[in-house]
Amino acid sequence: MTQSTSVLSLQAPKDVSISQVEQELSKIWQSYGENAAARASTFNLIVYEPETIGKPRMASIDAIASQSPCRVIDLYPIHGEDEGITAQVAAYCPIQKSRSSLVCGEYITLQGASEAFNRVHTLLADLVIPDLPVFLWWRDSPALNTKMFERLISLSDRLIFDSAVFSNPEEDLLKMHDMIASGVQIADLNWRRLAPWQELTAQAFDAPDRRPAVLEIDRITIDYERGNSTQALMFLGWIASRLGWQPLTSVKEGGDYNIQRITFKGHDEMKVEAELAAIPIGDPGEVVGDLIGLKLLSSNENLNTCTILCSESMGCMRMEASGGAQDLHTNQVTPLTDQSADALLAQQLQRWGQEVLYEESLAVTAQILQLEVATK
Amino acid sequence: MVQLLENPLRVGLQQERTPEPLILVIFGASGDLTARKLVPAIYHLKQRRRLPPEISIVGVARREWSHDYFREQMREGIEKFSDGIGAEALWDDFAKGLYYCAADIDDINGYKKLDALLTEIDKERGTRGNRVFYLAVAPKFFPEAISKLGEAGMIKDPNKTRLVIEKPFGRDLSSSQELNQVVQRACDERQVYRIDHYLGKETVQNLLVLRFANAIFEPLWNRQFIDHIQITVAETVGVEDRAGYYESAGALRDMLQNHLMQLFCLTAMEPPNVMDADSLRNEKVKVIQATHLSDRDLNLSCVRAQYGAGFMRGIAAPGYRQEPNVNPLSTVPTYVAMKFFVDNWRWQGVPFYLRTGKRMPKKVSEIAIQFRNVPLTLFQSAAKQVSPNVLVLRIQPNEGIALKFEAKMPGTELRSRSVEMDFGYGKAFGVEGSDAYDRLLLDCMLGDQTLFTRGDEVEAAWKVVTPALSVWDSPSDPNLIPQYGAGTWGPIESDLLINRDGRQWRRP
């Protein structure tokens with residue numbers, strides 16, 4: 001047995017042929033017996049991990065297994081010639097201090113060239129435990145119109161993306177919106193990264209004396225790490241959907257910060273201006289495209305509207321530099337929890353059903369992206 | 001009254017998990033609690049998008065109701081006792097998940113019929129065999145219902161089924177032990193959620209946050225700096241229409257053994273290692289086990305009393321023994337005050353005074369932590385008295401926290417006066433906290449037992465009050481029960497209990 005911080009592996013992963021997967025898993029359980037390790041599954045999780053991700057495979061086992069026992073089917077397409085699919089099986093057990101016996105889940109890894117997966121995708125249905133919900137974690141851009149993607153979607157109850165890894169953020173967000181419109185249940189881990197920003201933005205207007213000011217916001221500036229605009233666009237979609245703003249125009253100015261300006265029709269026909277700025281960052285860390293600053297203003301100077309949120313790493317200088325700092329409501333966004341995809345996945349696997357707020361926000365984001373874009 | 005605008009940025013914003021699809025089965029569905037509290041709480045959670053769309057509720061009671069009639073009753077309940085239905089479409093969606101099953105609580109066939117209905121709902125609504133069984137029935141039916149659920153195999157899966165039991169958990173130590181044995185025979189402790197709705201209150205939970213999320217209080221939270229602690233839960237109401245229950249319970253069973261003991265535990269316990277159910281409850285149990293009445297002589301450590309006739313806000317109010325359905329020679333206490341000591345390093349020698357009563361001048365629940373006096377008085381107080389610092393945690397009304405301290409009075413002389421730093425929930429957050437049942441039902445559906453009472457904790461709490469219970473339950477001369485006028489802060493004996501130590505009750 002090998003042991004990580006919170007997960008115990010019953011044996012080293014074993015190479016088998018696809019047809020022997022079930023048989024080999026049964027052997028593992030028989031060799032341990034019910035008392036030492038109980039086999040349990042509360043859902044299926046299919047993980048599609050293209051080679052380009054570059055992270056150590058199985059890195060998410062802790063995150064997945066420590067939540068609930070489940071069957072994980074890890075699909076790992078690699079570059080190279082089609083030499084068929086190789087399979088590995090293993091069993092992992094989250095260690096719970098309150099139990100003496102282990103409750104364990106199963107991990108099946110399939111590796112092969114993309115062409116090979118296209119050939120055998122129909123076999124995947126046989127590896128899924130029937131009558132249990134199926135999550136699909138697609139660790140890539142949506143690959144609409146590919147056999148593999150379509151087949152996996154038809155197998156799944158819920159599709160999980162991380163839009164931080166999208167190669168064409170704007171195009172891919174629109175694809176997500178289209179899939180939701182066609183009835184696919186989608187979760188985006190990158191949307192979860194916005195939670196501290198959303199919470200602190202909402203908090204800024206919780207106090208009764210600031211409450212009326214929220215409807216008077218008519219300027220919003222969002223700074224994000226250059227490289228992926230999905231967080232910035234989803235945040236703008238969120239705030240616009242909450243405040244009832246309708247997108248009108250979009251202009252891309254470019255420049256050092258790749259400025260994009262969007263106008264909306266807001267509350268009482270008010271004109272609202274949004275500025276998205278992609279800030280070049282030396283080391284963006286594991287996730288590219290994190291928000292780094294937010295400023296909300298109103299041209300109604302009688303209201304105490306001005307709010308600035310800034311990331312701990314970047315500070316508030318750019319946001320404060322444009323003046324009006326006297327009456328600022330300033331806050332630093334410091335997520336308490338790790339924002340890595342693994343940690344977010346663990347939370348996501350505990351969520352079931354439709355995410356209405358996400359869908360409503362993405363709908364407005366899609367409207368923004370569908371505007372005819374002018375360039376300066 | 002000016003209505004506060006809703007913060008639109010809050011709508012739909014949730015940091016928390018949503019429960020898995022499940023069926024909430026309510027035994028006692030035709031009763032008051034279901035229509036008044038439980039279903040409105042679930043509907044409120046639905047309105048706040050905290051529940052999955054598959055959520056279903058099955059009402060169980062003896063009466064022969066149809067699904068539609070049950071839906072009508074629940075709608076009326078939400079309209080009458082909550083914020084109303086709101087969007088009709090939302091109600092329609094919610095109502096589709098409401099079902100009713102007529103069954104006798106003591107008839108195994110009823111459970112089989114219920115089980116068949118639940119299986120059918122699993123298929124129809126995708127609830128995947130997850131169940132929460134809520135016993136909203138009179139306590140005398142708890143053992144029967146739990147045994148029958150066990151016998152029918154309906155709570156055998158510890159991962160998918162949960163059992164919610166309303167207080168009271170027994171009426172003394174031995175009956176609570178018997179009830180716990182029934183529970184243990186039928187299911188695991190990790191499936192059991194004993195509800196004390198006091199723990200669902202925001203301000204009670206804030207006590208944990210105040211103590212363990214701030215670095216400034218904990219160093220002072222011990223015998224070195226604290227002189228004594230007073231916990232008060234005062235009600236203005238009398239026995240009202242609950243005489244039948246109250247005559248067999250009294251203030252000790254109805255309030256002190258559960259609600260006040262919970263406040264006491266959260267105030268006195270050690271920090272848990274992590275904020276999970278078992279860590280927190282282990283600490284609560286440890287502190288109760290170290291707690292005892294301050295003196296074996298009950299005359300020196302506790303007081304019981306009954307309200308007599310008096311005036312509430314200028315209107316004449318009858319005494320307890322004159323209330324409808326109350327025995328005119330009743331000895332049941334409507335007021336209890338107790339003095340406890342905690343034998344551990346933190347609290348050795350610090351008295352905890354707990355009091356609760358009906359027909360008091362104000363409805364108030366608070367914890368007052370009175371700190372020791374300064375070692376040497378350098379400044380003359382304007383009021384010419386010692387004014388120790390007091391930290392008051394107001395549970396209700398005006399939920400908040402106040403710290404009383406001394407400040408210099410303006411002027412040329414160096415005189416001090418007591419002032420208050422006051423934090424009010426409403427002022428800071430602009431919203432009312434969620435209802436206790438909302439929170440507790442959601443926690444139960446999420447499988448989080450942190451705010452629920454564990455079996456050993458219940459027994460330990462009964463043990464602490466057993467010396468008083470065993471004496472007070474035995475027949476006594478009604479003339480010897482102290483009386484206090486309705487609309488006053490309790491009997492003179494209660495003042496003596498604390499005055500004897502050179503201290504006095506706060507006037508909240």
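So you know, we letter chains A, B, ... as the sequences are listed, proteins then strands, and number each from 1. No experiment lies behind these values; they were computed from the predicted model shown.
- Residues A/Glu199 and B/Arg10 are in side-chain contact: their nearest non-hydrogen atoms beyond the backbone lie under 4.5 Å apart.
- One distance of note links CG of A/Leu200 with CG of B/Leu9; it measures 12.0 Å at 0.5 Å rounding.
- For the atom pair CG (B/Asn7) and CD (A/Gln203), the distance works out to 10.5 Å, reported to the nearest 0.5 Å.
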